[in-house]
Q: 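Just passing along the structure, written as structure tokens.
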Amino acid sequence: MSCSIPVSPTTLTKTTFISQRALIKTHKNQTHGFRVTCNVAPNDDHNHLKLILPDIDRRSLLVGLGGLYTASNFPSLPAALADPITTPDITSSCKEADYGIKNLEKVVRTRKCCPPNIKKTIKPFVFPTEKTVKVRWPAHNGSKEQVEKYKRAIQAMKDLPEDHPHSFIQQAKIHCAYCNGGYTQVDSGFPDIDIQIHNSWLFFPYHRWYLYFYERILGKLINDPTFALPYWNWDNPAGMTIPEIFLNDTRTPNPLFDIYRDARHLPPQLVDLDFGGGERDTTSEIQIACNLSTVYRDLVRNGADTKSFFGGEYVAGDAPVANGDKSVGSVEAGCHIAIHRWVGDSTQANFEDLGNLYSAGYDPLFYAHHSNVDRMWTLWKSLGIQGHTEPTDPDWLNASYVFYDENEDLVRVYNKDCIKMDKLKYKYYEESESVFPWRKSRPAKRNKESQVALTSPGDVKTVNQLKFPVTLDAILKTRVKRPAVNRTDAEKAKANEVLLINGIKFDGEKYVKFDVFVNDTLKEGEVTTPCDPEYAGGFAQIPHSGMDKMMMSSAARFGLTELLEDTNTEGEEYATVTLVPRIGCDNLTISDIKIALVPI
Ligand code: C2O
């Protein structure tokens with residue numbers, strides 16, 4: 001038989017590259033691990049001999065890619081050459097969360113997040129066969145019956161013994177284990193690299209599956225196959241306060257109530273979908289208008305292509321901490337994080353429950369919030385805009401998670417199986433409606449006449465004149481060259497102009513937010529709001545886990561096509577980009593700022 005066994009992964013160099021490329025190519029056909037298949041004679045009983053190479057340093061593989069990629073200009077292996085993220089057996093391969101949480105002595109929830117082991121083996125997932133489709137309902141507008149069932153189901157969950165896989169606490173811990181370092185990529189040959197389901201293209205599908213099982217477990221507990229979760233309809237003016245059903249009831253204890261919420265943000269306080277730690281001093285009308293613009297921005301302007309909406313590629317061998325272009329999706333970094341922090345109790349050292357990812361699952365409101373986040377995926381798709389499509393990369397399609405299902409069986413589920421909600425037998429109440437309040441909330445175009453001229457070129461340094469990495473301890477203004485000016489409609493239909501802020505390094509245990517403005521011509525003292533066209537959006541993170549247990553890194557993308565139209569600046573050769581630190585940015589650094597045309 002002919003077979004070349006590669007040298008030990010630790011000695012990978014340029015000279016050994018040929019066999020390494022064969023290695024990467026071959027393993028592409030396998031489920032996980034770096035494997036070599038050898039060509040063998042038909043009667044050789046070593047047919048499909050496989051060699052599993054654990055712990056390959058992906059950066060050394062890159063060295064071998066003939067100089068095409070180097071560790072500095074392409075920090076993660078191209079997804080096309082990698083393996084999907086594969087969750088190991090959650091019962092036997094879980095370690096207790098030990099980081100991502102500051103003020104350890106002050107945590108109010110346990111950090112022991114591993115699921116109970118009831119000695120089950122992982123089964124493949126089977127699609128539900130029932131006829132009923134569960135219809136998720138807006139939490140501010142549920143019928144008496146829907147609300148009553150929901151409360152009964154949550155109460156039943158809370159009544160289970162704590163170590164039952166369906167208990168309220170075990171369900172809450174699922175989030176902590178998947179977020180704060182419970183699982184590693186051991187099944188892909190990387191036992192030292194954790195799995196992280198935030199900050200990448202895993203965000204939407206992972207949370208869809210999580211809610212799918214949560215909903216079915218609740219339905220089973222009250223023996224109701226029609227049981228459906230509510231969604232917190234924060235994208236609709238009528239739903240912009242914490243829904244009533246989650247509030248404290250002085251007469252009968254409410255199972256949907258949670259004591260760890262910010263008391264300042266109870267109704268009638270309107271949610272701030274662009275929350276950045278501080279209270280906004282504004283009228284309800286403006287807050288509502290700004291919220292609608294924020295939803296529009298996350299779904300349309302900044303979610304114009306697959307990667308901008310879903311987040312960057314994340315594959316086996318990638319550390320949750322990456323450098324460069326592993327970007328966070330528009331909704332995840334936008335409305336989603338804003339609400340987490342806005343609800344979390346600011347008098348707690350760790351902003352429990354919603355304000356910290358280790359504890360978020362302890363507030364029943366978390367699931368209603370995520371139900372709406374999941375609905376955003378559906379709405380984004382239903383807009384029918386070109387470019388609004390799910391990733392098709394096999395490494396996204398085949399990424400998998402393990403959950404306890406409603407029958408207490410352990411099942412493995414794949415991203416590819418959650419794309420179609422009808423196969424999962426649930427939908428959203430207003431799914432068929434094509435008009436949503438925020439659909440018309442594109443920020444109003446600037447009036448050209450009243451517009452002040454852009455800062456003259458001499459005043460502001462170009463990106464090339466900056467010394468990267470830059471620290472965002474103060475406002476940063478820079479001019480960035482655009483790849484093209486005055487693009488025609490036909491050109492715009494082919495590619496989206498995107499501002500890329502890469503290599504954002506920040507303290508993973510902190511709440512961080514900075515805002516991005518483009519071609520902002522406002523004078524000193526005037527503030528741009530999310531309703532203004534110059535506001536590109538924000539980058540926000542709530543406390544997380546990180547590979548080196550402190551610094552995390554991510555990237556952000558902001559759509560410029562509409563922004564430049566609305567600010568009458570399509571003809572400018574440079575875009576003036578202003579980054580405004582809001583909170584937690586004193587030691588945040590950025591390694592690169594550029595503008596690119598992203599094909600749709
Ligand atoms: Cu898993 Cu809202 O976070």
Side-chain angles (χ1 to χ4, degrees), residues 85 87 90 97 99-101 109 111 113 115 139 170-183 194-215 229-232 234-235 242 246 258 260-262 271 273 275 294-295 298 309-311 314 320 328-345 350-377 399 401-403 413 415 418 508-509 511-513 538-546 552 554:
I85 292 287
T87 302
I90 57 168
Y99 51 84
I101 307 158
R109 304 295 186 186
R111 294 185 300 126
C113 301
Q170 293 303 336
Q171 290 296 305
K173 286 181 177 181
I174 292 174
H175 195 251
C176 166
Y178 270 99
C179 173
N180 292 61
Y183 309 120
D194 286 340
I195 288 179
Q196 174 55 263
I197 39 74
H198 298 98
N199 280 325
S200 77
W201 66 6
L202 297 190
F203 175 74
F204 276 112
Y206 167 79
H207 290 85
R208 175 165 283 186
W209 278 120
Y210 183 11
L211 292 190
Y212 169 82
F213 291 113
Y214 183 76
E215 178 170 70
L229 285 173
Y231 56 90
W232 178 3
W234 37 252
D235 56 313
I242 294 182
F246 291 95
D258 178 35
Y260 297 116
R261 292 183 190 145
D262 195 326
V271 67
L273 293 182
F275 186 62
T294 300
V295 178
D298 286 354
F309 183 75
F310 277 86
Y314 171 47
V328 54
S330 56
V331 171
E332 181 179 0
C335 305
H336 161 253
I337 289 290
I339 289 200
H340 266 280
R341 200 59 174 192
W342 186 80
V343 178
D345 185 350
N350 296 296
F351 283 71
E352 287 93 348
D353 281 318
L354 271 176
N356 197 309
L357 294 178
Y358 98 97
S359 55
Y362 285 87
D363 189 340
L365 192 49
F366 168 84
Y367 306 88
H369 172 39
H370 267 278
S371 191
N372 206 41
V373 169
D374 183 66
R375 183 172 152 269
M376 290 301 126
W377 172 3
Y401 324 98
V402 177
F403 287 94
V413 291
N415 283 353
C418 75
E509 296 181 335
Y511 173 36
V512 196
K513 184 168 194 270
F539 171 85
Q541 291 280 326
I542 56 174
H544 249 286
S545 55
M552 284 195 74
S554 184

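Throughout, numbering of the chain's residues begins at 1 and tracks the sequence. Counting starts at 1 for both ligands and their atoms, following the listed order.
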Q: So which of the N, O or S atoms of His340 lies nearest atom 2 (Cu) of ligand 1?
A: NE2

Q: Could you tell me if the ring centre of His336 sits under 6.0 Å from that of Phe203?
A: yes

Q: Less than 2.8 Å away from atom 1 (Cu) of ligand 1, how many protein N/O/S atoms can be counted, ignoring water?
A: 3

Q: Between CG of Asn356 and CZ of Arg341, what distance do you get to the nearest 0.5 Å?
A: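 If I round to the nearest 0.5 Å, the distance is 7.0 Å.
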
Q: Tell me, please, which residues at least two apart from Tyr260 pass side chain to side chain contact (heavy atoms under 4.5 Å, CB included).
A: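 Once residues adjacent in sequence are excluded, the partners of Tyr260 under the side chain to side chain contact (heavy atoms under 4.5 Å, CB included) criterion are Val108, Arg109, Asp258, Asp345, Gln348, Glu352, Asp353.
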
Q: Is there an N/O/S atom in His369 that lies less than 2.8 Å from atom 2 (Cu) of ligand 1?
A: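 It does not: His369 brings no N, O or S atom closer than 2.8 Å to atom 2 (Cu) of ligand 1.
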
Q: Kindly indicate whether the side chain of Asp262, heavy atoms from C-beta on, has any atom under 4.5 Å from the side chain of Val343.
A: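 Heavy-atom side-chain distance check fails, nothing below 4.5 Å.
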
Q: Just so I know, are the side chains of Ile339 and Trp234 near enough to count as touching, which here means a heavy-atom distance under 4.5 Å?
A: yes

Q: Could you tell me if the ring centre of Phe403 sits under 6.0 Å from that of Tyr206?
A: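 Yes - the distance between ring centres of Phe403 and Tyr206 falls below the 6.0 Å cut-off.
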
Q: Answer with yes or no after comparing the ring centroid distance for His369 and His207 against a 6.0 Å cut-off, counting only values under it.
A: no

